[in-house]
Amino acid sequence: MLELRRLTKYFGGVRAVDGVDLTVAEGEILGLIGPNGSGKSTIINLICGLFPLTDGEVVFRGTDISTLPPHERVALGIARTFQNIRLFGQLTVWQNLWVAQKARGQGRGFLRGWLGGSRHDRVAIDKTLDFFDLGHKRDELAGNLAFGEQRRLEFARAFAAKPSLLLLDEPAAGMNAEEIDQLDARIRQLRREGVTIVLIEHHVELVMSVTDRIAVLNFGQKIAEGTPAEIQTNPLVREAYLGTQTAA
Amino acid sequence: MLDLIDALQSVADGVLFGATYALLGIGFTLIFGVMHKINLSYAAASIGAAYASLLLLAGVKAPPVLVFLMAAACGGVIGALVYFVAFRFIPLANPLATLMSTVGLLLLIDEIVVHATAGVPLNYPALFSDVVIRAGAFNLRGDLMFVFALGCVAMVLLWALLYRTRLGIATRAVSQQPVAAQLCGISIDGVNILTFVITGVLGGLAGAMTGAAIGVLSPLLSLPLTVKGLIVTVIGGLGSIPGAIVAGLLVGGIENVVQFFRGVSERDLYVMMLLFAFLVFRPGGLFAPAAGRD
Amino acid sequence: MDFYLGLVQIIGVHTLLGLSAYCVLLTGQVSLAQAGFFAVGAYVAGMLTVLGGWPLIPALAVASLAAGIVACAVGFPALRVKGLMLVVATTAFGEAVRLFFFNFTYQLERGELRIGPHGGEGFRQIRYFPENGWSTLDVMLFIWVVVIAVMAALWWMDRSRIGAVLRAVGEDELAAQSSGINVTAVKVSAMTIGGLIAGLGGGLFAHYTTHIEHVQFGVVLATFAVAYPILGGLSNVFGTLIAVIFIQGFLIEGLRFMGDWRNLLFGGLIVLAMIVRPRGLIDAGTLVALKRLLRRGERAGA
Amino acid sequence: MYGKVAVIAASLGVIGALGAAPAFAQERTVKITGFGAKSGVVRVFGINSEAALKAAAEEINKAGGVTLGDGTKGRFAIEFLDDRCNAEEGISVVRRIASSDAFVAVGPTCSNVAESLFGILQKKVGDASDTGLQFPIIADVAAKGGLAKISEWAFRNVPSEFEMYKSLFAWLKTQHPDLKTIWGGVEKDFAHSNATFGVMKSQAETNGLKVLGQSEWLLADTTFSTQVREMRRANPDIVAISAHPFTTCGVLKEMDRQGVKPKLLIGLTSSSSIETLQGCAKQAEGIIIPTSFAPVTPEAKKAAEQVAKLGGSADLHSAAAYEIMFILKDVIEKQKIMAKADTVQADRVKMREGLAALKETNGLLGKVGRTPDREAIKPFLFVHAKDGSWQVLYKPAS
């Protein structure tokens with residue numbers, strides 16, 4: 001469904017991403033891991049179109065989307081969360097989803113899309129909120145939520161865009177064990193509903209348990225790819241992690 | 001041929017006067033660098049300092065040099081006051097509130113000057129006003145040369161202060177990493193006040209230079225100088241001191257060239273349109289870093 | 001009585017000016033071009049009624065449209081930049097508009113008189129209101145019908161998804177983009193709406209002051225345009241109205257008894273207001289408190 | 001609501017005096033409201049006008065006051081409101097005055113305010129289809145040409161610059177037949193300067209001077225070198241500058257630096273004030289300006305002293321305000337104005353008619369003629385700057 005071909009991004013002289021080839025199949029959960037600064041978040045940003053590519057292509061469902069602006073990529077079905085939470089703090093929880101949701105509704109009439117949508121759409125937002133266990137907070141300002149709730153809301157907002165490909169950038173960072181379990185369950189549930197997921201995560205247990213395949217990055221290059229079991233025994237991966245992140 | 005010489009002469013005059021724009025630009029840029037906020041009352045405070053120097057020395061027959069120094073000192077005091085009135089008590093998270101409070105202060109300073117002088121233009125002393133350096137068909141005004149030189153000296157001192165003293169290092173640390181700087185024991189409040197005093201001194205000098213270059217002071221000046229200062233700041237690139245200097249001289253020169261070719265009625269129209277185009281198509285300023293920031 | 005009616009007219013027109021900046025501020029942009037759009041509206045409406053002999057309402061509609069088109073055209077390039085860059089770019093644009101009218105002369109012979117804009121000397125005798133028998137009260141009511149219509153439209157827009165989208169862009173452009181919002185389109189639309197409203201305000205301004213000239217549309221007016229919503233708070237349209245009443249009603253007319261002190265207080269009180277209420281006179285907190293009060297009242301009533 | 005307090009406070013004197021006193025009281029207060037700029041760069045105009053109005057009112061009151069329509073004596077009381085040279089505020093101020101018992105207002109300072117103000121007045125008296133304000137206003141300062149034409153309720157006691165420069169150039173022709181060429185300088189974005197410059201230019205040509213060209217600058221400009229260079233190149237005999245003190249001084253100083261020394265300098269009427277001398281007395285030495293005021297007659301001297309005592313300075317603008325008080329006194333007496341709360345409407349009409357009917361008034365320098373356009377033809381003289389003060393150069397016989 002998503003294909004990255006020789007994906008390359010230089011910042012000045014720094015090769016943040018250096019010729020990465022990667023394929024994500026329909027319906028799978030792909031884990032993207034690597035030490036800090038290995039280029040994981042940059043890849044997400046490139047898939048979303050936040051920076052122009054230095055070289056290579058991003059192909060989504062057979063079409064090259066490398067030059068599309070970010071909002072059009074969302075319209076095609078690519079949604080994301082941010083590593084450092086970026087909610088609309090002065091909007092309510094409900095409005096955060098509202099903003100994201102209707103962007104896809106434009107096809108069904110411009111006015112309706114912009115003015116607030118049908119009853120069906122509103123119900124959909126409430127359902128999403130309930131699914132992410134935020135129903136009771138719907139009228140709170142997003143900025144006033146607790147940290148874990150903010151993470152959930154980011155996830156919910158990305159999901160509200162009804163994506164077929166969801167890019168999660170460290171959704172478990174700062175969460176406690178219970179919250180991570182819930183996250184695990186939600187990711188699995190989404191996969192059952194047919195959403196393809198790319199997951200960047202440092203939390204090894206979560207990655208190992210939930211993903212189908214894992215790609216490992218180091219210094220902007222892909223150094224390994226395979227099932228979780230294969231990755232765990234890959235010497236290259238060990239080497240990449242040993243010096244930098246033994247604790248992981 | 002005459003036209004060419006005239007055009008060049010216009011550029012030269014403009015560039016020399018541009019030294020005052022450059023000083024104002026540096027002031028705006030320094031405050032922006034340290035606080036990430038715009039101080040719209042800056043040019044008004046500069047003119048206010050020049051006025052204060054005249055009023056405080058009204059009784060004595062002070063030599064112009066003393067008036068200039070007085071203006072710089074007043075500028076420093078006013079700078080500190082501006083910080084306490086318009087910045088100190090407004091939370092950092094509300095940049096719009098600071099923007100507005102400095103607008104209020106601009107109006108207040110202007111009105112204080114108007115009340116103190118009834119809005120009447122005042123004679124401002126100049127040094128070397130009777131000296132004209134002639135080079136062929138070319139004339140360079142002695143007083144403008146002096147103003148220009150004074151501006152250069154101020155810039156060099158500022159550079160030395162920022163890069164060669166502990167105070168300067170602290171200032172730059174705060175502008176780059178406020179939290180880390182605090183952890184290293186630097187008082188942000190102290191650095192902020194210092195920045196306002198330094199920029200205030202520069203502003204006082206700029207005000208005095210403006211007064212000396214025109215020969216008269218009027219509260220009419222504060223609004224156009226605010227606009228000029230902002231223009232210089234953004235053309236030079238936010239936070240860039242060399243940018244502000246070059247931009248100040250450039251704006252002074254371009255203004256006079258356009259006036260020479262298109263006349264005064266259309267001068268500002270063209271300057272504004274040029275500026276608009278420049279900002280939109282080269283938003284990073286003259287010395288923009290190669291890669292865009294996110 | 002006339003005095004109060006006149007003051008209410010001024011408040012109405014300035015509210016329109018403030019609301020035009022409000023729309024743009026919601027998307028997080030400080031635009032000092034609003035005075036320019038206001039000027040376009042004033043000159044277009046004035047020329048249509050005086051030179052073209054048009055009735056007021058179509059003239060206002062065209063003026064508003066013209067200012068909207070100008071705003072849209074300038075929005076595309078200008079909104080590529082943000083923050084201080086945008087402030088200066090829009091100042092430059094606003095000044096360019098003012099200077100255009102400084103150089104703009106288009107006069108027609110009417111009997112022995114020459115009428116129409118005359119460069120630096122301005123555009124005299126835009127007397128549609130008195131010539132058509134409008135009393136001060138009529139004018140005031142007319143202005144307020146327009147103001148209330150605009151406020152209602154904006155209030156409703158604020159509550160709709162558009163409002164949420166505008167604010168989302170204002171808070172975090174990157175997140176908004178990543179939520180599928182075309183940020184450029186939203187910002188340019190906000191600018192266009194702002195232009196439409198400013199044009200309407202400018203058209204009314206030209207007619208109740210009867211004379212317009214370039215100096216009226218300078219940086220000071222542009223600053224006031226953004227000062228109203230900032231001072232009033234961006235949580236809803238009433239903040240702007242309150243701020244206009246505060247400035248025009250209280251600081252300018254209300255403090256008149258202070259004599260010479262009035263003008264010193266003007267700037268000082270603006271500073272003070274910002275220190276005391278950095279998020280504006282009416283902020284989200286005020287609204288919550290008000291709602292609570294209302295709810296309690298309802299409960300007590302029921 | 002806020003404004004009400006002030007209005008009440010301000011009109012309390014009138015209402016109180018009228019309400020409390022019996023019908024045949026010996027004395028009544030006649031409140032005259034002046035308005036103009038008392039803030040911003042033109043503050044000095046407001047200060048001077050206010051002082052002049054008060055000085056004149058004091059003078060009249062001392063001499064027994066004004067005789068009202070019912071034979072009682074009235075005493076003038078002056079109030080002065082600030083319009084900040086802003087058209088909207090000027091309209092507000094006049095509406096405020098018109099909402100009180102005032103039957104006339106004196107002002108404004110700025111021509112752009114006058115433009116708007118006169119625009120909201122009824123254009124033609126008795127035109128029922130015109131709902132403009134019916135309230136007489138007499139201007140003391142606003143100098144832009146032809147303003148009173150806008151409405152029949154608008155009057156001015158402002159000197160006619162056309163007449164002044166016409167006379168000045170004619171006089172120059174006789175005095176300095178050797179001067180052949182002239183160069184102009186104009187503050188382009190200030191309507192008054194710009195309009196007056198047109199007058200200067202046409203009068204110079206009429207009197208056989210060759211106009212070599214002109215330099216232009218803006219109200220708040222800071223460099224004049226390019227403009228003055230053009231001037232130097234042309235090497236004119238005369239330089240005529242139509243600009244207000246701030247840029248007049250800026251240009252004069254630049255001329256000094258570049259060594260441009262024309263045989264004669266001419267300035268704008270408004271620059272014949274103390275401001276120019278404070279800004280650049282040395283460079284302005286010798287500049288000739290026609291003005292409608294100088295302390296040359298005993299009356300004028302006395303007026304100047306009184307105005308100075310009240311913290312103002314008498315110049316051609318504030319002298320006009322001073323004269324206006326005496327004009328108002330005459331009209332009140334001639335038209336039997338009552339100055340009572342219940343006669344306001346009639347008083348206003350009478351005031352307007354009285355002002356319109358004037359053929360001549362007494363000015364500080366002599367008789368002042370009135371035109372059908374409701375403008376004044378004031379006597380004037382030519383002053384020049386000498387040793388840091390304005391001195392009379394010549395007084396044309398009028």
Side-chain angles (χ1 to χ4, degrees), chain B residues 2 5-7 9-14 16-18 20-21 107 110-111 113-115 117-124 126 128-132 139 141-144 210-225 227-228 252 255-257 259-260 263-268, chain D residues 37-48 84-85 186-189 194 214-230 232-233 244-259 271 273-284 311-313:
Chain B
L2 267 177
I5 290 177
D6 264 14
Q9 177 81 56
S10 292
V11 177
D13 288 339
L16 287 180
F17 191 80
T20 59
Y21 297 164
L107 299 174
D110 261 3
E111 206 52 38
V113 167
V114 163
H115 272 252
T117 64
V120 170
L122 292 182
N123 190 16
Y124 207 84
F128 309 114
S129 60
D130 41 2
V131 180
V132 175
N139 280 307
R141 272 169 57 184
D143 56 342
L144 271 188
T210 314
I214 311 169
V216 257
L217 267 186
S218 163
L220 262 181
L221 288 168
S222 66
L223 214 53
L225 283 184
V227 174
K228 292 273 162 59
E255 227 176 35
N256 270 16
V257 173
Q259 170 170 335
F260 183 79
V264 78
S265 304
E266 292 175 29
R267 176 191 69 198
D268 292 358
Chain D
K38 270 188 79 186
S39 36
V41 286
V42 278
R43 174 170 158 85
V44 69
F45 289 88
I47 292 178
N48 290 342
R84 296 205 289 182
C85 208
V186 54
E187 200 173 52
K188 196 73 185 156
D189 60 340
N194 204 24
Q214 67 195 63
S215 306
E216 299 174 349
W217 58 85
L218 304 185
L219 186 61
D221 266 7
T222 47
T223 52
F224 307 96
S225 58
T226 311
Q227 292 94 328
V228 171
R229 216 165 15 254
E230 294 165 357
R232 193 181 61 181
R233 172 92 31 81
H244 287 77
F246 174 61
T247 58
T248 296
C249 278
V251 169
L252 287 176
K253 290 202 169 184
E254 181 67 30
M255 286 168 65
D256 190 36
R257 282 183 215 112
Q258 294 200 13
S271 291
S273 62
I274 192 83
E275 295 175 78
T276 311
L277 297 179
Q278 281 180 345
C280 54
K282 194 172 126 234
Q283 289 78 8
S313 135

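All values derive from a computational prediction rather than experimental measurement. The analysis underlying the following values was restricted to heavy atoms, covering all of them including side chains, and did not include hydrogens, waters or symmetry mates. Throughout, a chain's letter reflects where its sequence line sits, starting with A, and its residues are numbered from 1.
In this structure, the separation between CZ on R229(D) and CG on D13(B) is 5.0 Å, given to the nearest 0.5 Å.
When all heavy atoms are compared, the tightest approach of S225(D) to N256(B) is OG-ND2, 4.2 Å. Closest approach of V41(D) to L220(B), counting heavy atoms only: CG1-N, 3.4 Å. Nearest heavy atoms, E275(D) versus P121(B): OE1-CD, 3.5 Å.
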Using the rule given for side-chain contact (heavy atoms from CB on, under 4.5 Å), can you reason through I214(B) versus F224(D), listing the C-alpha separation, both sets of side-chain angles and the distance that settles it, and then say yes or no?
CA-CA 8 Å; I214(B) 311 169; F224(D) 307 96; 4.1 Å; yes

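At least one donor-acceptor pair closer than 3.5 Å links the side chain of K253(D) to the backbone N or O of G215(B).
Neither the backbone nor the side chain of I274(D) comes within less than 4.5 Å of any heavy atom in chain B. Proximity to chain B is limited to the side chain of I47(D), based on heavy atoms less than 4.5 angstrom apart. Only the side chain of P224(B) comes within contact range of chain D, with heavy atoms under 4.5 Å apart. Of the atoms belonging to E254(D), it is side-chain heavy atoms, and not backbone ones, that fall under 4.5 Å from chain B. Looking at L225(B), neither its backbone nor its side chain comes within 4.5 Å of chain D, counting heavy atoms on both sides.
Residues L218(D) and D268(B) meet the side-chain proximity criterion, which asks for heavy atoms closer than 4.5 Å. Between R43(D) and V120(B), every side-chain heavy-atom pair lies at or beyond the 4.5 Å cut-off. Using a 4.5 Å cut-off on side-chain heavy atoms (C-beta onward), L122(B) and Q278(D) make contact. The closest side-chain heavy-atom distance from T226(D) to D6(B) is not below 4.5 Å.
Interface check for chain D: of the options G14(B), G119(B), G252(B), the most heavy-atom pairs under 4.5 Å are formed by G119(B).
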